[in-house]
Amino acid sequence: RIYDGSNLYAMRCMKIHYSEGRACAALTRLRAQDRVRVLAATLIATVALTGCQSMSMSSAQLRVIDVSSNTGPVDSYQDSTALAYNLEYGTVTSYVPSMAGTSTLALDKAGTRQTLASAESALAAGKQYTEIVTGSLANMQQTTLLDRSTPAPVGQTAIRLVNEASTAGSVDVYLVPPRARLSTLSPVATNLAVGANPGYVTVPDGTYSLSVLPSSVPPSSSAKLFS
């Protein structure tokens with residue numbers, strides 16, 4: 001997931017290690033044994049998500065990623081039930097059992113019931129979801145995504161990219177293998193608009209660098225958002 005802000009420099013020269021099952025800067029790991037991963041290019045140095053927790057088929061599971069950098073700590077609620085407390089910028093929770101059906105997911109100022117953002121969401125039993133918190137204190141936003149639960153083919157990894165860099169505009173995203181030239185590669189996502197969620201794509205297992213360019217800028221250009 002790509003975010004704007006003053007810390008884009010933190011993404012420089014960071015690697016994505018699929019085959020070793022690690023999450024470095026841009027990779028959040030959903031299900032290592034199922035070869036299902038979620039690509040999350042954040043401004044956080046490292047984000048590691050462990051998934052595939054045992055779950056009741058009568059309930060859903062929800063995890064929260066807080067990447068709202070200037071809001072201070074928040075508490076996460078489903079209706080009146082607390083899911084997680086004191087989430088700060090960069091926090092990634094484990095999956096939490098959640099009530100299936102339609103409910104209100106809310107974010108409150110930590111230690112209070114002052115609601116900063118809320119949205120009605122429908123969670124299906126036996127499914128896992130990720131709620132991503134973005135925006136500023138005055139305009140906090142929630143995005144709830146259904147996580148993939150089926151494995152990618154052997155030798156492949158499934159990734160999902162969502163652009164939340166509101167000041168960057170549309171972007172092209174490249175995964176660059178070692179010793180490869182960016183100019184010889186095709187992007188894994190093109191013209192990825194702010195707020196767009198194109199779903200999962202599969203790529204070969206391997207070690208990659210992440211490069212993000214403004215849309216329609218040739219990969220030989222030096223006008224990178226980060227690399």
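Because the structure is a prediction, the values reported are computed rather than measured.
The two residues P187 and D172 have their closest heavy-atom pair at CB-CB, 4.3 Å. What you find for L137 and N70 is that their closest heavy atoms are N-OD1, 3.5 Å. Summarising the geometry of A60 relative to Y129, their closest heavy-atom pair is CB-CE1, 4.2 Å, with the distance given to 0.1 Å. Summarising the geometry of P204 relative to Q156, their closest heavy-atom pair is N-OE1, 3.6 Å, with the distance given to 0.1 Å. Smallest separation of non-hydrogen atoms from V188 and L161: CG2-CD1, 4.4 Å. The heavy-atom pair separating R63 from T93 by the smallest distance is CA-OG1, 3.3 Å.
Side chains of P198 and L192 form a contact here, defined as non-hydrogen atoms less than 4.5 Å apart.
Remark: side-chain polar atoms of S211 are not paired, donor with acceptor, to backbone N or O of S209 under 3.5 angstrom. Side-chain atoms of T104 do not come within 3.5 Å of backbone N or O of A119 as any donor-acceptor pair. At least one donor-acceptor pair under 3.5 Å links the side chain of Q142 to the backbone N or O of S118. In terms of modelled atom types and a separation under 3.5 Å, the side chain of S215 and the main chain of V171 share a donor-acceptor contact.
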I159 vs Y200, test: side-chain contact (heavy atoms from CB on, under 4.5 Å). Steps then yes/no. CA-CA 5 Å; I159 63 175; Y200 289 86; 5.8 Å; no
Could you go step by step and tell me if E131 and S76 meet the side-chain contact (heavy atoms from CB on, under 4.5 Å) rule? CA-CA 10 Å; E131 178 187 6; S76 173; 4.1 Å; yes
Could you go step by step and tell me if L105 and T144 meet the side-chain contact (heavy atoms from CB on, under 4.5 Å) rule? CA-CA 9 Å; L105 299 180; T144 302; 3.8 Å; yes
Could you walk me through whether D108 and T115 pass side-chain hydrogen bond (donor to acceptor under 3.5 Å, both in side chains), step by step? CA-CA 4 Å; D108 293 358; T115 299; 3.1 Å; yes
Could you give me the CA-CA distance, side-chain angles and deciding distance for R113 and D75, then say whether salt bridge (charged side-chain N to carboxylate O under 4.0 Å, His left out) is met? CA-CA 9 Å; R113 289 310 311 266; D75 298 335; over 6 Å; no
Tell me, with the steps shown, if L145 and T143 meet side-chain contact (heavy atoms from CB on, under 4.5 Å). CA-CA 6 Å; L145 303 174; T143 302; 3.8 Å; yes
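Between the side chains of Q78 and S103, a donor-acceptor pair is found at a separation under 3.5 Å. D147 and Y95 are linked by a side-chain donor-acceptor pair at a separation below 3.5 angstrom, with hydrogens and angles left out of the test.
Of the inter-residue distances, the one linking I65 atom CD1 with Y89 atom OH reads 12.0 Å to the nearest 0.5 angstrom. Atoms CG and CD, from L107 and Q141 in turn, are 11.5 Å apart once rounded to the nearest 0.5 Å. Taking OG1 of T71 as the start and CG of L87 as the end, the distance is 9.5 Å to the nearest 0.5 Å.
Note: the hydrophobic cluster containing L146 also contains V96 (ILVMFWY, side chain heavy atoms under 4.5 Å, direct or indirect links). A single hydrophobic cluster is not seen to contain both M99 and L83; linkage of ILVMFWY side chains at heavy-atom distances under 4.5 Å, directly or through other members, places them apart. Under the 4.5 Å side-chain heavy-atom criterion for Ile, Leu, Val, Met, Phe, Trp and Tyr, V133 and V74 are members of the same hydrophobic cluster. Tracing side-chain contacts under 4.5 Å through hydrophobic residues (I, L, V, M, F, W, Y), one reaches V217 starting from Y174; they form part of the same cluster. Tracing side-chain contacts under 4.5 Å through hydrophobic residues (I, L, V, M, F, W, Y), one never reaches L123 starting from Y77; they form parts of separate clusters.
Around the CZ atom of R181, the shell of radius 6.0 Å holds no more than 12 heavy atoms that belong to other residues, nucleotides or ligands.
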